[in-house]
Each structure stands twice: as C-alpha cells, then as structure tokens.
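A quick write-up on the structure given underneath.
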Amino acid sequence: MKNNAKGKKGKIGKMWAVVLAFMLLCGCGKKLEVAEEVKMEEYRSPDGTYSIEADAGYEKIDMGMESWLGLEPEDGMDSVAVMQFPKKGSFMGGWANLGEAIAFMEESNGFTDKKEMETPQCPNLQNMEAYTYKMTQDDFTTKLYVVYGETDYAHYFLAYYEGMVKMRRDNYFADICASFREYEEAIGEKSVPAMEVTDTVRWFNASNSVLIDANQWDYRVYGGLEADEASMEVARQVLDNSWEVTDKETADETLLWLMEEGHRTEFTEEMELLESEGLGEVDEQARVSFLMENFELDEEWAQNYARWYGRYEENPEDAVSGWDYNRALSQLANFYLAGYYTLEEALDASLEVAKTIQGSFASWDDYMESYFTGYEYWAEEESTQRRGIYKGLQEAADNPFAVDFKTELEKSW
C-alpha cells in the first residue's frame with residue numbers, strides 16, 4: 001500500500017494554473033494615436049484587502065478569486081490585473097520567496113521573451129521586480145507589462161496589457177503600481193478563524209500543524225483553510241487524485257482504512273518478518289550488517305530498517321500508527337472542505353480519532369516520533385524537513401503545540 005493512490009505526496013497549494021486569458025480579449029480596440037489625460041479612480045479587490053487607482057472608465061472583471069482584481073474598459077483598449085497570493089492560509093501560494101512566485105507565474109502562463117524594465121516607484125511593495133513578456137493564446141500574441149512585489153502578508157502580481165499599441169499616457173502603468181495599498185483591517189478580518197477555536201479544536205489543529213505549515217496554510221484555522229468555493233475545489237481535486245475519494249461513501253471507506261489498517265499493517269508485517277529471521281537477537285550495532293547480508297539491502301536501506309525495527313521493539317502497536325491517525329485527522333478536514341462531510345460530522349469523527357491518539361501516546365513528542373517514522377516508511381525518504389518544521393513550530397510565538405497533549409477532549413461545537 002505504500003505507493004498506491006491512498007496518500008500520494010504533493011503540495012496542494014501549487015496545483016492550479018493561473019489564467020490570464022481575459023487580458024487577451026481586448027485586442028480589437030482602436031489604436032491610440034495620442035496619449036489621453038486619464039481621470040483616475042480607486043478600485044478595491046473583491047475581498048477588500050488592497051486597492052489600486054486606474055482609469056475611471058474601467059469595469060471590474062470576475063477573475064474567479066476574491067483576492068484577484070481584473071479591470072477592463074468598454075472600448076477594449078487595454079486591461080489591468082492584480083493577483084494576490086497570501087503567504088499563509090491560501091491553497092495557492094506559500095512560496096519560500098518572491099523568486100519562486102515569479103517562476104510559478106512565468107511557467108503557468110507560458111510567458112516568453114522576458115525583458116527587464118524599469119521598476120516603478122511603489123512605497124507599499126517591497127523587493128519589486130519588473131519585466132515585459134510576450135503572452136500567446138489561440139494564435140494571438142500580446143506584450144504584457146508585469147510588476148512583482150510583496151508585503152508581509154502576500155506576494156503580488158500586477159499586469160498591464162496596453163491594447164493595440166500605446167499606453168493611455170506615459171507612465172500610466174507606473175502610476176497604477178504606485179497607487180497600490182493594503183488595508184490592515186480587511187486583512188485582519190480574513191485572518192480571524194471563522195469558527196470558535198476551543199482547546200479541543202486547537203488540539204486537532206496542532207496534530208496537523210506540521211503539514212499545514214509545510215503548505216504555508218494557517219494552523220489557527222481548522223484544516224488550515226477557510227471553507228469557501230476555492231478551497232472546496234482544491235480539496236476535491238486532491239482527494240480524487242491522491243486518495244480516490246469522490247463522495248461521502250469513498251470518504252467513509254478511506255477513514256475506515258486509515259483507522260483499521262493503514263500503512264501500519266504492512267509495516268508490522270515487515271517487522272514481524274525481520275523478527276522471525278532473528279533480527280531481535282542481533283546486537284543493535286550489528287543490525288545494519290545483518291540486514292545487508294541477509295536481505296540484500298544497501299547500507300542506506302539497512303540503516304532505515306534497523307532504525308524502524310528499533311522503534312517497533314519499543315512500541316509494537318504504535319510504532320507508526322501516529323502516521324495513520326494523523327492522516328485520518330487531516331483527511332477529515334479535507335472531507336469537510338470538499339463538502340463531503342458537514343463541519344459537525346468532521347469534528348465528531350476527529351474527536352474519536354484524537355481520543356485514540358491520546359490513548360496510544362504519552363506526549364506530543366511521542367506521537368510525532370511515530371508520525372515521522374511512518375512518514376519515512378511511506379515516503380521512503382528522510383523526515384528531516386518535517387522534523388525541522390515541528391521544532392520551529394514549538395519555538396514559534398503562536399506555538400500550536402502549547403495546548404496540553406493530555407487536554408480533556410470534548411465536544412465543543
């Protein structure tokens with residue numbers, strides 16, 4: 001079961017391609033021969049977290065995301081797009097730096113003929129980079145002006161398509177970029193969890209916080225993402241592609257498999273085989289050599305199995321069960337985001353899983369060691385990165401593991 005469809009690896013936050021096709025629908029306007037005097041007006045993003053100033057003659061275009069702003073005039077002369085990618089709490093984004101965000105945008109949109117241009121002044125964006133590109137769709141090619149930048153909250157992508165030939169006036173796009181501003185109050189409202197977070201829900205969130213943080217989501221929110229149409233779509237795609245879950249029935253089957261079998265079943269079978277071959281009677285220092293000689297393993301894999309067997313000796317029942325239980329809690333949140341479970345159904349089931357975890361382990365460290373061992377066995381790679389995330393979270397100001405592992409878990413919803 002290690003490499004089957006139940007639980008393939010993959011970062012949810014980077015699975016959707018970005019679409020700018022609407023900008024190519026403006027190519028039929030009249031050619032501007034003389035730059036116009038432009039009356040500017042403020043336009044706010046649908047979610048109200050930022051704004052820009054642009055020609056008052058634009059109309060807002062639905063770009064399918066509440067944090068994306070598209071503007072287009074009736075005459076089809078040009079168009080403007082602003083895309084926001086929050087650094088946490090969004091299913092798409094979470095890049096380590098602006099360079100990663102730029103690379104993603106270029107690849108996703110098929111940009112070519114990249115040329116650096118003068119970076120406009122914008123006091124509310126940092127680390128700005130500016131380029132021109134060619135973008136082609138359906139045999140139509142246009143020149144695109146693009147500015148990238150970031151704030152503490154998000155990475156931003158500002159694009160301008162100038163229509164047939166000329167901008168409305170010299171420095172028009174630069175003026176648009178210079179007008180950019182964020183609204184802390186609106187950002188703060190988005191950052192507040194939509195549901196009451198009790199100690200029990202905090203416990204659920206802590207259990208999944210390593211994966212949530214790896215995805216650059218928000219571990220203060222159940223499941224890491226707010227429940228909306230965008231997170232529903234991405235949850236459904238991940239569940240279908242990685243777990244073959246497409247409805248409540250298949251969700252129920254997956255939860256049952258994780259709680260009654262999971263990857264711990266195969267793990268235990270392999271450890272029992274090693275035990276029957278006498279590995280337990282071999283001195284710990286000699287086990288790697290024993291495994292290499294008797295099982296035709298290379299040194300790396302012999303070291304892995306020696307380490308895993310040591311964990312199995314310490315706790316035969318739960319050497320890697322933390323991995324399966326953790327994934328059960330994670331998938332329950334995905335079932336809710338996907339709309340296959342109601343919030344109450346997901347939380348009720350999470351409560352039962354969490355109580356099982358508490359009955360199997362003594363502390364967060366004990367539980368997470370089982371999780372890391374299970375990850376190594378399933379992924380066939382080291383857990384160094386995830387262990388580093390766990391340590392970093394424990395040292396964070398909003399440490400999710402501050403909630404006591406032995407908290408009395410109860411229904412609080």
Heavy-atom closest pair (Ala338 atom, Met232 atom, distance to 0.1 Å) is O-CG, 3.6 Å

Using modelled atom types and a 3.5 Å cut-off, is there a donor and acceptor pairing between side-chain atoms of Ser108 and backbone atoms of Met105? no

Do you know which of Trp68, Phe85, Phe180 makes ring pair (Phe, Tyr, Trp, His ring centres under 6.0 Å) with Tyr156? Phe180

How close do Asp404 and Thr407 get, counting heavy atoms only, and between which atoms? O-OG1, 2.6 Å

Please confirm whether the backbone N or O of Ser209 pairs with a side-chain atom of Asp213, one donor and one acceptor, at under 3.5 Å? no

Criterion side chain to side chain donor-acceptor pair (under 3.5 Å) on Thr49 and Tyr153, from CA distance to verdict: CA-CA 10 Å; Thr49 56; Tyr153 176 66; 5.7 Å; no

Are there more than 12 heavy atoms of other residues, nucleotides or ligands under 6.0 Å from atom CD of Gln385? no

Going from CD on Gln303 to CG on Leu297, what distance comes out if it is rounded to the nearest 0.5 angstrom? 11.0 Å

Without swapping roles, check the side chain of Ser276 against the backbone of Leu273 for a donor-acceptor pair under 3.5 Å. yes

Shortest non-hydrogen contact from Thr151 to Glu182? OG1-OE2, 2.7 Å

Does Asn326 reach the main-chain N or O of Ser207 with its side chain, forming a donor-acceptor pair under 3.5 Å? yes

Decide side chain to side chain donor-acceptor pair (under 3.5 Å) for Glu376 and Ser383; before the verdict, give the C-alpha distance in whole Å, the side-chain angles of both, and the deciding distance to 0.1 Å. CA-CA 6 Å; Glu376 293 168 358; Ser383 58; 2.6 Å; yes

Report the distance from atom OG of Ser330 to atom CG of Asn208, rounding to the nearest 0.5 Å. 5.0 Å

Residue pair Tyr377 / Arg264, side-chain donor-acceptor N/O under 3.5 Å: no

Glu106 and Tyr133: side chain donor to acceptor below 3.5 Å: yes

Between Asp78 and Tyr160: side-chain donor-acceptor atoms closer than 3.5 Å: yes

Residues Asp240 and Gln237: side-chain donor-acceptor under 3.5 angstrom: no

Asp252, Thr254, Asp247 screened by side-chain hydrogen bond (donor to acceptor under 3.5 Å, both in side chains) with Thr250, the one that passes: Asp247

Hey, mind stepping through Arg386 and Tyr371 against side chain to side chain donor-acceptor pair (under 3.5 Å) and telling me if it holds? CA-CA 10 Å; Arg386 297 199 180 202; Tyr371 167 81; 2.6 Å; yes

Is it the case that the side chain of Trp203 and the backbone of Phe405 share a donor-acceptor pair, with hydrogens and angles ignored and the cut-off at 3.5 Å? yes

When you measure from the centre of the six-membered ring of Tyr340, is the NZ or CZ of Lys248 under 6.0 Å away and within 45° of the axis? no

Please tell me whether Asn334 and Trp243 have a donor and an acceptor in their side chains that are separated by less than 3.5 angstrom. no

Between Lys87 and Glu150, is a salt bridge (charged side-chain N to carboxylate O under 4.0 Å, His left out) present by the stated rule, with each step listed? CA-CA 10 Å; Lys87 294 179 177 179; Glu150 64 180 311; 2.7 Å; yes

Thr384 pairs by side-chain hydrogen bond (donor to acceptor under 3.5 Å, both in side chains) with which of Glu382, Glu381, Arg387? Glu382

Between Trp257 and Asp324, is a side chain to side chain donor-acceptor pair (under 3.5 Å) present by the stated rule, with each step listed? CA-CA 9 Å; Trp257 178 79; Asp324 291 323; over 6 Å; no

Give me the atom names and distance for the closest heavy-atom approach of Tyr325 to Ser360. CE1-OG, 4.1 Å

For the residue pair Gln394 / Asn399, report whether a side-chain donor-acceptor contact shorter than 3.5 Å exists. no

For a quick check under 3.5 Å, do Thr200 and Glu410 share a side-chain donor-acceptor pair by atom type? no

Taking Trp217's backbone N and O only, do any of them form a donor-acceptor pair with Asn215's side chain (distance below 3.5 Å, no angle check)? no

Hey, does Leu71 have a side-chain heavy atom less than 4.5 Å from the side chain of Glu59? no

Ser45 versus Asp47, side-chain donor and acceptor atoms under 3.5 Å: yes

Would you check if the side chain of Ser370 reaches a backbone N or O of Ala319 as a donor-acceptor pair within less than 3.5 Å? yes

As a quick check of understanding, evaluate side-chain contact (heavy atoms from CB on, under 4.5 Å) for Val210 and Met368, giving each step before the final call. CA-CA 10 Å; Val210 169; Met368 292 305 298; 3.7 Å; yes

Assign the ring pair Trp323 / His263 to parallel, tilted or perpendicular, where the plane angle (0 to 90°) is split at 30° and 60°. tilted

For the CD atom of Glu184 and the CG atom of Asp152, what is their distance to the nearest 0.5 Å? 9.5 Å

Hey, does the side chain of Asn97 reach the backbone of Glu100 with a donor-acceptor pair shorter than 3.5 angstrom? yes

So, for Tyr145 and Tyr131, is the gap between ring centers shorter than 6.0 Å? no

Cation over ring, Arg44 on Tyr183, under 6.0 Å and within 45°? yes

With ring centroids as reference points, do Phe295 and Trp301 lie under 6.0 angstrom apart? no

To the nearest 0.5 Å, atom CZ of Phe104 lies from atom CZ of Phe157 at 11.0 Å

Euclidean distance, Asn294 CG relative to Arg287 CZ, rounded to 0.5 Å: 13.5 Å

Minimum heavy-atom distance Asn127-Leu98, with the two atoms named: O-CD2, 2.8 Å

For Gln121, look at atom CD and say whether over 12 heavy atoms of other residues, nucleotides or ligands are found less than 6.0 Å away. no

Closest non-hydrogen atom pair between Asp55 and Tyr58, with its separation: O-CD1, 3.1 Å

Heavy-atom neighbours of Gln126 CD exceed 12 at 6.0 Å: yes

Derivation of the side-chain contact (heavy atoms from CB on, under 4.5 Å) call for Tyr336 and Thr342: CA-CA 6 Å; Tyr336 160 62; Thr342 66; over 6 Å; no

Tell me, with the steps shown, if Leu274 and Leu291 meet side-chain contact (heavy atoms from CB on, under 4.5 Å). CA-CA 9 Å; Leu274 295 177; Leu291 288 165; 3.8 Å; yes

Got a donor-acceptor contact below 3.5 angstrom from the Ser231 side chain to the Glu226 backbone? yes

Should the pair Trp378 and Tyr375 be assigned to parallel (<30°), tilted (30 to 60°) or perpendicular (>60°) ring geometry? tilted

Regarding Arg202 and Asn205, do their side chains bring together a donor and an acceptor under 3.5 Å, going by distance alone? no

Any side-chain to backbone donor/acceptor pair from Asn109 onto Phe111? Under 3.5 Å, distance only. no

Could you walk me through whether Met63 and Leu69 pass the side-chain contact (heavy atoms from CB on, under 4.5 Å) check? CA-CA 7 Å; Met63 296 185 68; Leu69 175 64; 5.7 Å; no

Here the gap from Lys411 atom NZ to Thr198 atom OG1, rounded to the nearest 0.5 Å, amounts to 12.0 Å

